[in-house]
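I have placed the structure first, in the form of structure tokens, so that the comments after it can refer back to it.
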Amino acid sequence: MTDSVGIHHVTAAATSARGNVAFYTRELGLRLVKRTVNFDDPTTWHLYYGDETGRPGTALTFFPWEGIPRGRHGTGQAEEIGFAVPKASIAWWSERLSSRNIAHDLPKKRFDETVIALKDPDGMLIEIVGTDWAGKLPGYASADVPAEHAIRGFSGVSLWLDDTEATAAVLTGVLGFRLLGEEDGRQRFVAGDGELGGVIDLRKVNWQSGAFAGGIVHHIAFRAADDDTQAKMANALRDLGIPTTEQKDRTYFRSVYFREPGGVLFEIATDEPGFAVDETVEALGETLKLPAWLEPQRGVIEAHLPPLE
Ligand code: ZN
């Protein structure tokens, strides 16, 4: 995607760091592009997965809190996380998931895409989405998944909501999305060319409200090219009566957060500087990286973090 719009990253909670790494790097073939800690809770890992560089639109991140219970799926949350692969790779993924004994649904059609639904080890809802555009993007070759079939990044994310109208207004009025159409009980909004990270589906769901814990998305971050664009988006939110936090420096991007009217925590994150700011692209994700203010506590932090392998 040429414009800096759409999904920047998605962050969720996991119940086991080791299980999380095994699933996302081995079963799904993503690259672990950053191992750091939760800046607000430095005894917990913050693990980032993505393409080779974890560029915006590809990064799924986790706070693994060891042994926490699973959360409850429901409204007011981001639920299905779609990963884009080339359409021709859907058969390969179907076969792979079967051969790895990972339960999954039969492929089905939706908005001219082919979707395989599955769950991660904590019950998070994952979709492998065969798209017309994914094959144009380079794939990261992992030990288990060859480049041609690799997940290229997010196709999109679905939100489950009691009501969609006010959330739609934020998507279209602030975050650069437009309504594409309605199908299969979902309103599809696209940003830019609708390719990498360019889709948000709103689903009006008459069900229980969700509860955050393991296997539940914590927030979705949307892209802003730079601080200036981010400030304009924050102003547009305030005009809608939606307050945002102050900007927070997350080392790899700078963020503001807000609760959208449907109850989902949203973030606006800058594209700059990216994950190669404190290690080379070749070495991404190999060692624990800490922001400067936590370096003095490195020994204590390392002693408390659970093993990843
Ligand atoms: Zn975030």
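As the structure lists them, so they are numbered: ligands from 1, and atoms in each ligand from 1.
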Notebook entry, point to check: Centres of the F154 and F83 rings: under 6.0 Å?
Noted result: yes
Margin query: I need the single residue from F177, F253, F189 that forms a ring pair (Phe, Tyr, Trp, His ring centres under 6.0 Å) with F222. Which is it?
Written below: F177
Check: Out of the N/O/S atoms in E267, what is the name of the one closest to the Zn ion (ligand 1)?
Finding: OE1
Check: Any N/O/S atom of H218 sitting less than 2.8 Å from the Zn ion (ligand 1), backbone or side chain?
Finding: no
Notebook entry, point to check: Should the ring pair W92 and H149 be called parallel, tilted or perpendicular, given that the plane angle runs from 0 to 90° and is split at 30 and 60?
Noted result: parallel
Notebook entry, point to check: Does H219 bring an N, O or S atom to within less than 2.8 Å of the Zn ion (ligand 1)?
Noted result: yes
Item checked: For I216, the rest of its hydrophobic cluster, which grows through side-chain links under 4.5 angstrom -> F63, W65, I68, F212
